[in-house]
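These figures come from a predicted structure and were not determined experimentally. Throughout, protein chains are lettered first and strands after them, A, B, ... in sequence-line order, and every chain is numbered starting at 1.
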Amino acid sequence: MKPQKKLPRKFYMRDVHIVAKELLGKFLVRRVGRKYLKGKIVEVEAYDGSVDKAAHTYGGKTKRNEIMFNEGGFLYVYFTYGMHFCSNVVTGKINEGKAVLLRAVEPLSMLDIMALNRFGKKNISTLELKNLTNGPAKICEAFGIMRSDNGTDLLGNEIFILNSQKLSENKIAASVRIGIKKSVDLPWRYYIKNNSFLSRK
DNA sequence: CCACGGATTGGCT
DNA sequence: GCCAATCCGTGGA
């Protein structure tokens, strides 16, 4: 088996829906000292500021959302509900304002560090394991992603995404997005069918 | 099992 | 001043 390689800039610079679906099954990695936290991406949502009222970029560029107007391959991290961070992968060309929200990953490596970040302890119950990374803010807490990670280049060595074989269409499902109040009918949530780390069925 | 509400900052109207 | 791309605990059926 060939070693996994980082996704190249060109991967991210395509249509937001293509990138969203192809991110499923890829590996999110964050460096912590000499260790690497790793999880398989299993659930995402597409946001497109050109047509989508739920996208942070719908109303144009602001200080908060400016990273989302970068070219593809940067991390857009935002703070919400006064206590949570969520992370997005920016897609497309410069000034498009499109990104993919990471909603759930399946934890694969350094679970004890993730457990410490999430629950303040290394040994966790099966319920806590299930709740480790099955939500957008849970991913950020487990992976230690916060405000200072906004704008991180995913082609760098701190936070990046490793390639894997493209999933066949029949393993992917789509639904409406979760937790929004605008553009609620767009079926832009994509996830791996039957994965046990989804935030919802 | 499900529904509901509190937490708590800060962006934008 | 309003309210958010969330999470978690509580309380009732």
With a cut-off of 6.0 Å (strictly less than), are more than 12 heavy atoms of other residues, nucleotides or ligands near NZ of Lys93(A)?
->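 Counting neighbours around NZ of Lys93(A), 12 or fewer heavy atoms of other residues, nucleotides or ligands fall under 6.0 Å, so no.
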Is Lys61(A) atom NZ crowded by more than 12 heavy atoms from other residues, nucleotides or ligands, each under 6.0 Å away?
->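 Atom NZ in Lys61(A) is crowded, with more than 12 foreign heavy atoms closer than 6.0 Å.
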Side-chain touch [X]/[Y], heavy atoms, less than 4.5 angstrom:
| X | Y | answer |
| --- | --- | --- |
| Tyr190(A) | Val100(A) | no |
| His56(A) | Tyr47(A) | no |
| Ile113(A) | Lys35(A) | yes |
| Ser87(A) | Asp149(A) | no |
| Phe119(A) | Leu132(A) | yes |
| Leu186(A) | Arg177(A) | yes |

Contacting residues from [range], given that a heavy atom lies under 4.0 angstrom of DNA chain B:
| range | answer |
| --- | --- |
| residues 191-201 of chain A | none |
| residues 54-77 of chain A | Thr62(A), Arg64(A) |
| residues 81-102 of chain A | Tyr81(A), Gly82(A), Met83(A) |
| residues 182-190 of chain A | none |

Can you name the closest pair of heavy atoms from Ala174(A) and Pro187(A) and give their distance?
->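 Answer, listing the atom of Ala174(A) first, then Pro187(A): CB-O, 4.0 Å.
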Taking all non-hydrogen atoms of both residues into account, name the closest pair between Pro107(A) and Met114(A) and its distance.
->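 Closest pair (atom of Pro107(A), atom of Met114(A), distance): CB-SD, 3.8 Å.
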Encoded 5' to 3' (Watson-Crick or G-U under 3.5 Å; [ ] crossing; | other strand), DNA chain C becomes ||||.|||||||.
Counting only side-chain N and O atoms of Arg147(A), is one of them less than 4.0 Å from OP1 or OP2 of dT9(B)?
->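 For dT9(B), OP1/OP2 do not have a side-chain N/O of Arg147(A) under 4.0 Å.
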Hydrogens and angles aside, do [X] and [Y] bring a side-chain donor and acceptor to less than 3.5 Å of each other?
| X | Y | answer |
| --- | --- | --- |
| Asn195(A) | Lys171(A) | no |
| Lys130(A) | Asn134(A) | no |
| Ser199(A) | Glu43(A) | yes |

Verify the cluster assignment for Leu7(A) and Ile67(A): are they in a single hydrophobic cluster under the rule of side-chain heavy atoms below 4.5 Å apart?
->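 No, separate clusters.
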Toward the 5' end of DNA chain C, which comes first, Tyr78(A) or Glu141(A), by nearest nucleotide?
->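 In this pair, the answer is Tyr78(A).
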Using chain A heavy atoms and a threshold of under 4.0 Å, write down where along DNA chain C the contacts begin and end, 5' to 3'.
->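 So the contact region on DNA chain C extends dA4(C) to dC8(C).
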Is any side-chain N of the basic residue among Asp15(A) and Lys21(A) closer than 4.0 Å to the acidic one's carboxylate O?
->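 No, this pair does not count.
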Please say whether the positively charged group of Arg147(A), taken as NZ for Lys or CZ for Arg, lies over the ring of Phe79(A), i.e. under 6.0 angstrom from the six-membered ring centre and within 45 degrees of the axis.
->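 Arg147(A) over Phe79(A) ring: yes.
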Within 45° cone of Phe11(A) ring axis and under 6.0 Å: Arg14(A) NZ or CZ |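 Yes.
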